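Below is one structure; the comments refer to it alone.
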Amino acid sequence: MRKSILVVGGGVIGLCCAYYAHQHGHEVTLLERSSPNHKGCSLGNAGYVSPSHFVPLSSPGMVGYGLRLLSDPESPFSIRPSLDAHLIEWGYRFMRACSPKHTEKSAPLLRDLNLMSRACYEEFSEQFGGEFGFTKRGLFNLCKTEAKLEHEIHLAEHGNRIGVLAEVLTPKQIAERDPNIQMDVIGGVYFPQDAHLIPQRFVALLTEYLIKNGVEIRWETEVTDWKTSRRGIKSVLTNKGEFTAQEYVVAGGAWSPSIVQPLNLNLPLQAGKGYSMTLANPRQRPETPAILTEARVAVTPMGSQLRFAGTMEVMGLDLSINRNRVNGIIKSIPKYYPEFQTSDFTEEPVWSGLRPCSPDGLPYIGRTRRYANLSVATGHAMLGLSMAPITGKLVSEVLSDERPSLNLTALSPDRYD
């Protein structure tokens, strides 16, 4: 049955929800709080499609790791101390989720979401003629220390147990696989199922496709309130007027809690800020993306350019740039890639974006119990781009009253009610 669908949020998750809902034959309107040239979290990230990222953000050891880094102004992790009740609740639930049991339970689900999304990207790449640089080159996790290499070897073993292919490599083997760049590492792990793309190009192509095919996108339109009834949502109120639909989808990224706040929905979420810099003419250009594991820096070739991304700052809806954190990224790069110098980044602009992080490291996908015609698609943390297509596909199946391709119980937006 054809329905009218209203999607709130014009990032990559909202765009994919709109795309697949349109593919199902629905009439779709999308509201985006920013302008058409917005610089949201979908655009400046590392561009990974990551089956290798099957361990949730809330995993054993993360609390201790975070506490150890709090005193380092250049560390890849930071949290702004606050008595905010939402942050306290999120922190408590995050600590509870940092358990081996949760990791074991979540890993197959994250694996499936990423692998299914990768298949969707292959379809998109064929549809768009390869114009967003979708490349299946895998991913290196590069290590400088024995302790980190041992950790990555255990990760590889875990991956292979659940069907995420991984190979432990020596420095020589790594160099043979990517001879275009000099590396100073003691070893690493290679994940051959990973892929990468140019996120800003994908978002632009998908936006253009939606507009050409009849999806109405209303820019600079911010949700201010909702009208409800016992049956569900009646309409959404915005700074540009009132909009009605049969089904509503909140895909507002880090802003999702404030969007649903008038509805009294408990959606624990914190914004995790990240930074990136993109060199237009790098000294060397690797063919295979890599994670500099000790530094937690992602490196991605994007056409002729090379992007470096990193940090996780939990500081609310704050897009300001902390130069200390950026310097931490820059200083780490020559340690792994000795041909690079910190001066390479002196004149480079820094992008910042806010990742929506749930306490348990799993996204919120599906309908809410309280409002039968309201669905949520957010909370993907660092995997928003990676999981965007499968999220859109699953949401469209829910909207179309079909059985979802994946069991959504663990992803319920009501799981903290």
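Note that the structure is predicted; figures quoted are calculated from it, not measured.
Partners of Leu115 by side-chain contact (heavy atoms from CB on, under 4.5 Å), not counting sequence neighbours, listed by chain and number: Pro51, Arg111, Gln193. For Ala245, the side-chain contact (heavy atoms from CB on, under 4.5 Å) criterion is met by Ser4, Leu6, Tyr248, not counting sequence neighbours. With sequence neighbours left out, the side-chain contact (heavy atoms from CB on, under 4.5 Å) criterion links Asp318 to Arg80, Lys273, Ser320. Listed by chain and residue number, Phe308 satisfy the ring pair (Phe, Tyr, Trp, His ring centres under 6.0 Å) test with Phe345 (two or more places apart in sequence, or in another chain). The ring pair (Phe, Tyr, Trp, His ring centres under 6.0 Å) search around Phe132 returns Phe202, not counting sequence neighbours. Every residue meeting the ring pair (Phe, Tyr, Trp, His ring centres under 6.0 Å) condition with His158, not counting sequence neighbours, appears here in chain and number order: Phe54. Taking the salt bridge (Lys or Arg N to Asp or Glu O under 4.0 Å) definition, one finds that Glu348 meets it with nothing, sequence neighbours left out.
Residues Arg370 and Leu263 come closest through the heavy atom pair NH1-O, 3.3 Å. Closest non-hydrogen pair, Gly316 versus Leu354, comes out as O-CD2, 4.2 Å. Heavy-atom minimum distance, Pro199 versus Gly47: CD-CA, 4.0 Å. Summarising the geometry of Arg231 relative to Ala372, their closest heavy-atom pair is O-CB, 4.0 Å, with the distance given to 0.1 Å. The two residues Lys240 and Trp219 have their closest heavy-atom pair at NZ-O, 3.6 Å. Here the shortest heavy-atom pairing between Pro282 and Leu279 reads CD-O, 3.7 Å.
Note that OH of Tyr19 is 9.0 Å distant from SG of Cys120, once rounded to the nearest 0.5 Å. From Thr391, atom OG1 reaches atom CG of Leu383 across 10.0 Å, with rounding to the nearest 0.5 Å. The OG1 atom of Thr288 lies 4.5 Å from the CG atom of Asp178; values are rounded to the nearest 0.5 Å. To the nearest 0.5 Å, the span separating CG on Asn141 from CD1 on Ile291 amounts to 5.0 Å. Taking CG from Leu110 and CG from Leu57, the interatomic distance works out to 10.5 Å, rounded to the nearest 0.5 Å. Atom-to-atom distance recorded for Cys17:SG and Ile5:CD1 is 10.5 Å, nearest 0.5 angstrom.
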inquiry  = Walk me through whether Arg325 and Ser78 qualify under side chain to side chain donor-acceptor pair (under 3.5 Å).
reply    = CA-CA 9 Å; Arg325 304 291 173 195; Ser78 174; 2.9 Å; yes
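Annotation for Lys234: atom NZ does not count as buried by contact number, only 12 or fewer foreign heavy atoms lying within 6.0 Å. More than 12 heavy atoms of other shown residues, nucleotides or ligands fall within 6.0 angstrom of atom CZ in Arg283.
Side chain of Lys144 to backbone of Glu294: no donor-acceptor contact under 3.5 angstrom is found. Proximity of a side-chain donor or acceptor of Arg177 to a complementary backbone N or O of Ile174 within less than 3.5 Å is not detected. Of the possible polar contacts, one joining the Arg2 side chain to the Gly25 backbone as a donor-acceptor pair under 3.5 Å is found. Trp351 contributes no side-chain N or O that, together with a main-chain N or O of Thr278, makes up a donor-acceptor pair within less than 3.5 Å. In terms of modelled atom types and a separation under 3.5 Å, the side chain of Asp344 and the main chain of Phe340 share no donor-acceptor contact. Remark: side-chain polar atoms of Ser332 are not paired, donor with acceptor, to backbone N or O of Ala295 under 3.5 angstrom. Thr135 places no side-chain N or O within 3.5 Å of a backbone atom of Arg137 that could act as its donor or acceptor partner. A distance-only check finds no donor-acceptor pair linking the side chain of Ser59 to the backbone of Val55 [under 3.5 Å]. Side chain of Tyr121 to backbone of Met116: no donor-acceptor contact under 3.5 angstrom is found.
With 3.5 Å as the limit, one finds no donor-acceptor pair spanning the side chains of Thr311 and Glu313. Judged by distance alone, the side chains of Asp194 and Ser52 do bring a donor and an acceptor atom under 3.5 Å apart. When only modelled atom types and interatomic distance are considered, Ser386 and Asn114 share a side-chain donor-acceptor pair under 3.5 Å. A donor-acceptor pair shorter than 3.5 Å can be found between the side chains of Tyr416 and Asp360. For Asn266 and Glu89, the side-chain atoms include at least one donor-acceptor pair closer than 3.5 Å. Side-chain contact, Asn180 with Glu287: a donor N or O sits under 3.5 Å from an acceptor N or O. A donor and an acceptor atom, one from each side chain of Ser75 and Arg296, are nowhere located under 3.5 Å apart.
Ring geometry for His24 against His26 counts as parallel: the plane angle stays under 30°, on a 0 to 90° scale with 60° as the upper cut.
Here the side chains of Thr221 and Asn239 are in contact, with some heavy-atom distance below 4.5 Å. Contact of the Phe134 side chain with the Lys136 side chain is registered, since non-hydrogen atoms from C-beta on lie closer than 4.5 Å. Counting heavy atoms from C-beta on, the side chains of Leu237 and Val223 never come closer than 4.5 Å. Counting heavy atoms from C-beta outward, Leu269 and Thr378 have side chains that approach closer than 4.5 Å. Between Pro363 and Ser358, the closest side-chain pair of non-hydrogen atoms is not below 4.5 Å.
Salt-bridge annotation for Glu123 and Arg118: absent, with no side-chain N of the basic residue lying under 4.0 Å from a carboxylate O of the acidic one.
Sequence neighbours left out, not one pair with a member in residues 148-165 passes salt bridge (charged side-chain N to carboxylate O under 4.0 Å, His left out). Pairs engaging residues 396-409 under the salt bridge (charged side-chain N to carboxylate O under 4.0 Å, His left out) rule: Lys3-Asp401, Arg367-Asp401 [sequence neighbours left out]. Residue pairs meeting the salt bridge (charged side-chain N to carboxylate O under 4.0 Å, His left out) criterion with at least one partner in residues 61-74, sequence neighbours excluded, are Glu74-Lys331. For residues 87-110, the pairs satisfying ring-ring contact (aromatic ring centres under 6.0 Å, His included) are Trp90-Phe94, with sequence neighbours left out. Applying the salt bridge (charged side-chain N to carboxylate O under 4.0 Å, His left out) rule to pairs touching residues 196-211 yields Glu131-Arg201, Glu208-Lys212, sequence neighbours excluded.
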